[in-house]
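These notes concern the structure reproduced below.
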Amino acid sequence: MDVSSILDPLNDAQRDAVTSPPAPVLVLAGAGSGKTRVLVHRIAWLCRVEGVSPYGVLAVTFTNKAAAEMRNRVEALMQTPPGGMWVGTFHGIAHRLLRAHWVEAGLPQSFQIIDSEDQFRMLRRVLKGLELDEARWPPRQAQWFINARKDEGIRPGAITDSGDYAAQQWVRVYSAYQAACDRAGLVDFAELLLRAYELLRDRPELLAHYRRRFRHILVDEFQDTNTIQYAWLRLLSGGEIPVFAVGDDDQSIYGWRGARIENIQSFTRDFSGCLTVRLEENYRSTRTILDAANGLIRNNAERLGKTLRTHGDAGDPILLYVAYNERDEARYVAEKLLEMTGEGNHLARSEFAVLYRSNAQSRVFEEAFVERGIPYRVYGGLRFFERAEIKDALAYLRLIVNHDDDASFERVVNRPTRGIGERTLAILRDRARERELSLWQAAGEALVEHLLAARAAGAVRGFLSLIEDAAVRIAALPLAEQIDHAMTVSALKEHYEKEGAERGQARIENLQELVSAGSNFNFDPELHGDLPRLEAFLAHAALEAGEGQGSEGEDCVQLMTLHSAKGLEFPVIVMSGMEQGVFPHRMSADEPGRLEEERRLCYVGITRAQRQLILTCAETRRHYGTDQYNPPSSFLREIPSELIRDVRYGTMRPAGFAGGGVREMGDGELRVGQRVLHNHFGEGIVLGAEGAGRSARVQVNFENVGAKWLVLEYAGLQQI
DNA sequence: CGGCTCCCTCTTTTT
DNA sequence: GAGGGAGCCG
């Protein structure tokens with residue numbers, strides 16, 4: 001392969017980045033400006049031209065999807081698998097380091113990774129143990145507190161006493177939680193990163209080893225790095241190993257989990273001799289779409305400043321459909337899809353993506369698609385390895401692998417019910433707490449010392465030997481049979497079979513699928529070392545939750561959250577739920593900083609579209625069992641209106657509901673979603689209107705008295 | 001101890 | 001709306 005295949009497909013700025021000298025490089029890459037391409041070509045350039053061994057390359061991303069794509073593209077460009085190269089997520093790489101150096105990291109060899117749900121349950125138990133009332137000390141908040149500290153690299157001992165009682169309690173919880181995890185050999189997501197950082201920090205010989213090994217570090221989505229990830233990069237680089245960081249401050253959407261946009265600014269300061277390259281030429285979208293994105297993001301104050309350009313044509317206008325309710329919204333989207341993929345059009349379903357702010361919004365779309373026989377695929381949501389029955393089966397396996405895994409012990413000790421109830425468990429927990437033992441050990445002691453009544457003791461003994469026997473029996477089996485065996489002896493299968501009906505059936509099928517996941521599991525000695533297959537599989541399950549459901553191969557409409565759409569592109573994008581409170585989400589709409597993050601999320605959504613952007617919102621949305629009347633998203637106003645073409649209401653509109661005319665009505669200022677004040681009924685929101693001129697009537701949903709129709713001329717409504 | 005019902009809360013995004 | 005928890009009864 002010659003240099004031209006690496007450089008020819010690049011523009012000047014991209015080429016500058018790819019061929020830059022071995023110094024720190026910061027690539028500020030706008031959406032659709034060829035970010036991944038630059039990374040991939042940089043790797044090829046280093047290996048093929050600069051003579052760097054693939055063994056010396058470390059490439060880090062945030063999602064498994066992005067890592068997989070990078071690996072594939074490097075392979076395609078270099079026409080050979082990049083052997084020895086480390087390509088992975090921050091969490092995956094941290095995990096790899098901890099597996100390789102578990103002794104130095106102070107972990108048991110069979111340590112397991114817990115996901116946020118496990119962490120939550122764990123915290124709940126810790127709170128109970130500390131006798132803190134859940135109502136006053138919500139486990140969610142504890143989780144947030146602990147993860148935020150870990151993301152900043154702070155251990156409980158390093159938290160200075162602020163004198164604040166609540167803060168002191170949270171530190172207590174943090175300590176107790178960490179002790180419980182350590183005892184059980186459990187590592188949460190934030191802990192993976194923090195421990196991997198501490199490992200290198202406290203073991204100079206290891207740090208030196210990796211600095212010798214890695215000649216180049218490349219980081220994707222750099223704007224998403226948190227404090228500890230940034231510190232880890234700095235530490236590993238040590239000012240010697242060049243870091244090639246690619247990022248876009250306008251696409252920073254993970255502030256809520258500790259990501260710091262400031263890392264982009266710090267980079268040029270902390271990595272001396274840093275070269276900055278800007279990629280502002282967009283190859284993805286029409287000019288209309290880019291203008292919309294630029295118009296929107298302009299409203300953010302905190303920006304490095306960057307404007308996307310294109311040589312492309314204006315393309316089609318953005319469509320805005322104001323639906324009557326969320327079902328009408330879904331109906332419109334489904335019919336639009338049928339129209340665009342129908343005869344005479346060449347759009348494939350897979351080129352059509354529906355984005356939404358929160359996972360719960362997918363359901364209505366799914367129903368609309370099912371109704372019309374449209375195949376679809378949902379990304380994210382409840383993923384395979386997060387399903388209850390799968391986690392049950394995995395918990396058995398984890399307990400078999402590591403008897404001290406308290407989280408798994410609690411999960412399955414009485415599932416299916418085997419006569420080990422709350423009382424018995426309370427005795428075991430007390431014992432474990434007093435002696436600082438795992439539940440497994442406490443159970444053993446309780447039996448020896450006859451702390452349990454005869455019946456309970458029998459049940460506990462039965463459970464312990466069940467796990468022990470299984471451990472012996474499966475030791476020599478292939479992975480898939482290990483999984484199958486565990487499900488059978490634990491009676492999980494039986495349990496779910498008895499549940500019967502559709503639900504149980506689906507669960508059994510999922511368990512079957514888990515067995516086949518086991519037989520298809522790709523054990524990579526390079527990645528997993530001498531880790532037993534089963535343990536490697538369990539780690540894989542925790543780190544890669546898997547897809548929601550996917551009929552791989554079939555031509556499907558794509559449904560996903562705005563967050564998971566990052567890094568992807570589609571010819572047609574529908575951004576649904578463009579309503580105040582939904583998007584921007586009500587939890588984030590009030591605080592300026594968080595609103596800016598929502599806006600960046602909107603920017604990400606818009607810039608996913610190549611040819612056609614469709615925005616939809618609903619005037620009424622059924623949420624949490626009640627109807628909500630949300631005004632249109634403020635983001636809609638920030639997109640230059642000449643780019644948008646309104647689409648009329650659909651057929652689901654009830655008779656007399658002439659919402660389409662509201663915009664031109666009366667003084668021209670009253671719009672659906674507008675807040676108004678009535679001197680008798682108080683405050684309310686305009687739901688719709690009908691008629692014109694003197695006979696114009698508006699429907700207003702008042703906060704105190706509910707929805708009312710008013711004749712506009714006499715209503716005396718004031719806008720708020 | 002287990003299973004049932006009712007009621008209550010909690011609602012964002014992900015490794 | 002759904003899942004989880006509390007409370008009750010067998």
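Throughout, protein chains are lettered first and strands after them, A, B, ... in sequence-line order, and every chain is numbered starting at 1.
Of the candidate nucleotides B/dT14, B/dT12, B/dT15, B/dT12 has the atom nearest to the side chain of A/Met587. Checked against B/dT11, B/dT15, B/dC1, the side chain of A/Arg423 finds its nearest nucleotide in B/dC1. Distances were taken from every side-chain heavy atom of A/Arg124 (C-beta onward) to each of C/dG5, B/dT14, B/dC1; the shortest belongs to C/dG5. Listed nucleotides: B/dC1, B/dT12, B/dT15. Nearest to the side chain of A/Arg455: B/dC1. Counting only heavy atoms from C-beta on, A/Asn359 has its side chain closest to B/dT14 among C/dG1, B/dT15, B/dT14. Each of B/dG2, B/dT12, B/dT14 was ranked by its minimum atom distance to the side chain of A/Arg257; first place goes to B/dT14. The side chain of A/Ser358 has B/dT13 as its nearest neighbour among B/dT15, B/dG2, B/dT13. The side chain of A/Arg363 lies closest to C/dA2, out of C/dG4, C/dA2, B/dT15.
Within 4.0 Å of A/Leu562, counting heavy atoms only, lies no atom of the nucleic acid at all. Here A/Arg622 lies out of heavy-atom contact (under 4.0 Å) with every strand. Contact annotation for A/Asn414: backbone-only contact, meaning every heavy-atom pair under 4.0 Å involves sugar-phosphate atoms and none involves a base. Residue-level contact check: A/Tyr254 touches the backbone only, with heavy atoms under 4.0 Å from sugar-phosphate atoms and none from bases. Backbone-only contact: A/Arg418 has heavy atoms under 4.0 Å from sugar-phosphate atoms and none from a base.
When the P atom of B/dT11 is taken as reference, atom CD of A/Gln361 falls 16 Å away, rounded to whole Å. What separates CG of A/Leu355 from P of B/dT13 is a distance of 14 Å, to the nearest Å. Taking atom CG of residue A/Asn147 and atom P of nucleotide B/dT14, one finds them 15 Å apart after rounding to whole Å. Between A/Arg121 atom CZ and C/dG3 atom C1' there is a gap of 11 Å when expressed in whole angstrom units. Computed from coordinates, the A/His495 NE2 to B/dG2 C1' distance equals 12 Å when rounded to whole Å. Between the CZ atom of A/Arg586 and the P atom of B/dT13 there is a distance of 13 Å, rounded to whole Å. Residue A/Gln143 contributes atom CD, which lies 13 Å from atom C1' of B/dT15 at whole-angstrom precision. Summarising the geometry, the separation between CZ on A/Phe120 and C1' on B/dT12 is reported as 15 Å, rounded to the nearest angstrom.
Checked against side-chain hydrogen bond (donor to acceptor under 3.5 Å, both in side chains), A/Ser564 has the following partners two or more places apart in sequence or in another chain: A/Thr561.
Outside the 6.0 Å centre-distance limit, the rings of A/Tyr376 and A/Phe365 are not counted as a close aromatic pair.
Residue-to-nucleotide contacts include a donor-acceptor pair under 3.5 Å from the side chain of A/Arg594 to the base of B/dT12. A donor-acceptor contact under 3.5 Å is formed by the side chain of A/Ser116 with the base of B/dT15. Side-chain atoms of A/His585 and base atoms of B/dT12 include no donor and acceptor less than 3.5 Å apart.
In summary, A/Glu69 and A/Arg73 engage in a salt bridge, as defined by a charged side-chain N under 4.0 Å from a carboxylate O.
Contact check for A/Glu221 versus A/Val246: no side-chain heavy atoms found under the 4.5 Å cut-off.
Take the nearest nucleotide of DNA chain B for A/Leu425 and for A/Glu598: the residue whose nucleotide is more 5' is A/Leu425.
The cationic group of A/Arg195 does not satisfy the cation-pi geometry with A/Tyr197, failing either the under 6.0 Å distance to the six-membered ring centre or the 45° limit from the ring axis. A cation-pi contact, defined as under 6.0 Å to the ring centre and within 45° of the axis, links A/Arg149 to A/Phe145.
A sub-4.0 Å separation between OP1 or OP2 of B/dT14 and a side-chain N or O of A/Thr561 is present.
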